[in-house]
2 protein chains.
Amino acid sequence: MNKTKEKILTAASQLFLNGGLSALSVRAIAREANLSTIGIYSYFEGKQGILDALYIEGFEKVLAAIQVSIDLKNPRLGVLAAAKGYIKTAQLYRGHYRLIFGESDSGYKPSKLAQEAAKKAFIHITQVIATLLPEDANYESRREAALQIWALIHGFINLQHHAIADVIEPGAWEKMILDAVGLQIDALQSKYE
Amino acid sequence: MNKTKEKILTAASQLFLNGGLSALSVRAIAREANLSTIGIYSYFEGKQGILDALYIEGFEKVLAAIQVSIDLKNPRLGVLAAAKGYIKTAQLYRGHYRLIFGESDSGYKPSKLAQEAAKKAFIHITQVIATLLPEDANYESRREAALQIWALIHGFINLQHHAIADVIEPGAWEKMILDAVGLQIDALQSKYE
DNA sequence: TGACAAAATATAACAGTGTTATATCGTGTA
DNA sequence: TACACGATATAACACTGTTATATTTTGTCA
């Protein structure tokens with residue numbers, strides 16, 4: 001990749017990790033990357049381009065986190081391991097997670113390319129979770145099971161990020177989430193037997 | 001309530017419902033309410049105050065939606081009815097829902113009062129879901145069960161709002177969510193027996 | 001009623017945002 | 001060496017939330 005382009009991206013990533021979305025202004029990125037504001041527009045398509053890059057980065061992190069070896073002998077453990085990785089990534093890259101699942105008040109809409117990155121992660125998640133079901137389960141069932149587990153984990157993480165989250169001590173979330181996922185897995189598996 | 005204050009709020013609500021957060025500028029609200037920008041600052045505490053009002057409104061809608069008569073004879077149906085109302089509200093007031101569970105890039109943080117409204121809704125949700133558990137279940141168990149069901153529903157809604165949601169036909173979501181919640185309820189109940 | 005104080009409203013400005021038009025500079029080619 | 005073209009910089013535009021400074025309206029008391 002272009003050297004300048006890379007410099008801009010690391011500057012943006014830096015600002016984003018430290019101060020969140022509100023710290024990510026075009027001028028601040030340019031200052032951090034030692035060039036003038038117009039540079040952001042010649043190397044990226046303005047702020048939309050920067051956000052797109054971070055959006056894709058976010059889904060890549062998620063994808064990397066659940067890249068567990070799919071164990072067909074014990075799919076339950078495989079899915080739980082993937083869930084653990086997913087949770088950890090959501091905490092480690094909270095800003096990214098907020099960006100890819102947040103509400104984008106500044107009018108940001110992910111580009112075609114960014115949406116494809118999201119879809120790619122979705123497909124992989126579906127595949128991991130599908131190992132829970134018997135081999136002859138059809139596509140709809142797999143997708144539905146995947147959405148169920150994903151929604152559960154994602155919902156927990158989102159509630160954790162919420163203002164009311166302080167009723168739960170921070171360390172207790174992971175166990176709580178994994179317990180719930182375990183329960184859900186058992187219910188799903190007994191349904192398809 | 002003050003007449004002018006009400007006028008401002010309805011103008012804000014109007015703009016919010018139509019154009020989302022990005023349409024909600026102080027000047028636009030003032031224009032719509034037929035007064036000058038400074039009015040927003042004398043009747044509310046600026047934009048923070050407006051967002052707080054909408055935030056509280058959002059949680060009030062949620063609270064109203066799940067105000068079902070708690071049927072101790074059949075708590076399963078009661079919770080499912082509450083879930084149905086919750087889903088409907090999230091679709092009907094999508095902007096509000098995004099605001100109260102979204103990521104607030106503009107640096108908005110709910111005030112003490114707004115957080116109390118959130119907590120109030122949370123407590124009520126807990127109470128509704130707690131009817132699923134036997135009477136002697138302790139507080140932690142109730143809260144955990146509530147979070148499990150809530151996270152599942154909330155996660156589904158959030159995924160539905162997401163860009164990748166178009167892989168599912170829009171009408172299919174409600175049944176899918178309610179099925180998943182039913183499964184989760186059964187698993188929870190069999191766990192506590 | 002008239003005069004003054006206080007509250008409500010309006011105007012204009014400030015610092016910030018994303019974006020773009022204009023100007024400058026530097027480098028490569030003929 | 002002269003020209004052209006691409007990269008960089010400056011400055012401006014229209015917008016944002018917010019606030020300081022006028023102006024108007026309102027209410028109270030003599």
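In this text, all values refer to a predicted model and were calculated from it rather than measured experimentally. So you know, we letter chains A, B, ... as the sequences are listed, proteins then strands, and number each from 1.
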*Asks:* Could you pull out all donor-acceptor pairs under 3.5 Å where a side-chain atom in residues 174-182 of chain B meets a protein atom, sequence neighbours excluded?
*Replies:*
from: B/Lys175; atom 1: NZ; to: B/Asp179; atom 2: OD2; distance (Å): 2.7

*Asks:* Rounding to a whole Å, what distance do you find between B/Arg31:CZ and C/dA10:P?
*Replies:* 14 Å

*Asks:* Please enumerate all protein N or O atoms sitting under 3.5 Å from an N or O of nucleotides 23-26 of chain C, with distances to 0.1 Å.
*Replies:*
none

*Asks:* In whole angstroms, how far is the P atom of D/dG17 from the CG atom of B/Leu21?
*Replies:* 11 Å

*Asks:* Mind calculating the distance between NZ (A/Lys47) and P (D/dT16) to the nearest angstrom?
*Replies:* 15 Å

*Asks:* Would you mind classifying the nucleic acid contact of B/Leu24 as base, sugar-phosphate or nothing, using non-hydrogen atoms under 4.0 angstrom?
*Replies:* sugar-phosphate

*Asks:* If a protein heavy atom is under 4.0 Å from the base, mark B; if only from the sugar-phosphate, S; if neither, -; do that for nucleotides 8-15 of chain D going 5' to 3'.
*Replies:* SBB-B---

*Asks:* Starting at atom CD1 of B/Ile40, determine the distance to atom P of C/dA10, rounded to an integer number of angstrom.
*Replies:* 11 Å

*Asks:* Please report the distance, rounded to the nearest Å, between CD1 in B/Ile8 and C1' in C/dA8.
*Replies:* 12 Å

*Asks:* Starting at CD of A/Gln48 and ending at C1' of C/dT19, how long is that distance when rounded to a whole Å?
*Replies:* 13 Å

*Asks:* Is atom CD of A/Gln14 surrounded by more than 12 heavy atoms (other residues, nucleotides or ligands) closer than 6.0 Å?
*Replies:* no

*Asks:* Just by distance, with hydrogens left out, do B/Ser13 and B/Glu57 show a side-chain donor and acceptor under 3.5 Å apart?
*Replies:* yes

*Asks:* Tabulate below the donor-acceptor pairs under 3.5 Å that side-chain atoms of residues 21-32 of chain B make, not counting sequence neighbours, or state none.
*Replies:*
from: B/Ser25; atom 1: OG; to: B/Ala28; atom 2: N; distance (Å): 3.0

*Asks:* If I take atom OH in residue B/Tyr41 and atom P in nucleotide C/dA10, what distance separates them, rounded to the nearest angstrom?
*Replies:* 16 Å

*Asks:* Could you give the side-chain donor-acceptor pairs of residues 112-127 of chain A under 3.5 Å, partners two or more places apart or in another chain?
*Replies:*
from: A/Gln115; atom 1: NE2; to: A/Pro110; atom 2: O; distance (Å): 3.2
from: A/His124; atom 1: NE2; to: A/Gln67; atom 2: OE1; distance (Å): 3.3
from: A/Thr126; atom 1: OG1; to: A/Phe122; atom 2: O; distance (Å): 2.7

*Asks:* Compute the bend angle of the helix from C/dT1-D/dA30 to C/dA30-D/dT1 from the end axes (five pairs per end), rounded to 10°.
*Replies:* 30°

*Asks:* Tell me the ring pair (Phe, Tyr, Trp, His ring centres under 6.0 Å) pairs involving residues 12-38 of chain A, sequence neighbours left out?
*Replies:* A/Phe16-A/His96

*Asks:* Let me have the donor-acceptor pairs involving side chains of residues 137-148 of chain B, under 3.5 Å, with sequence neighbours excluded, atom names and distances please.
*Replies:*
from: B/Asn138; atom 1: OD1; to: B/Ser141; atom 2: N; distance (Å): 3.1
from: B/Asn138; atom 1: OD1; to: B/Ser141; atom 2: OG; distance (Å): 2.4
from: B/Arg142; atom 1: NE; to: B/Ala137; atom 2: O; distance (Å): 3.1
from: B/Arg142; atom 1: NH2; to: B/Glu135; atom 2: O; distance (Å): 3.1
from: B/Arg143; atom 1: NH1; to: A/Val167; atom 2: O; distance (Å): 3.2
from: B/Gln148; atom 1: OE1; to: B/Gln184; atom 2: NE2; distance (Å): 2.9

*Asks:* Name all residues meeting the ring-ring contact (aromatic ring centres under 6.0 Å, His included) criterion together with A/Tyr43; count only those two or more places apart in sequence or in a different chain, and write none if there are none.
*Replies:* none

*Asks:* State which residues pass side-chain hydrogen bond (donor to acceptor under 3.5 Å, both in side chains) with A/Asn34; sequence neighbours excluded, sorted by chain then number.
*Replies:* none

*Asks:* What pairs of donor and acceptor atoms, side-chain ones from residues 84-93 of chain A against any protein atom, are under 3.5 angstrom apart with sequence neighbours left out?
*Replies:*
from: A/Tyr86; atom 1: OH; to: A/Tyr97; atom 2: OH; distance (Å): 2.8
from: A/Tyr86; atom 1: OH; to: A/Trp150; atom 2: NE1; distance (Å): 2.8
from: A/Thr89; atom 1: OG1; to: A/Gly85; atom 2: O; distance (Å): 3.0

*Asks:* What residue pairs, at least two apart or across chains, pass ring pair (Phe, Tyr, Trp, His ring centres under 6.0 Å) with a residue in residues 166-190 of chain A?
*Replies:* none

*Asks:* Using whole Å, report how far CG of A/Leu15 lies from P of C/dT17.
*Replies:* 11 Å

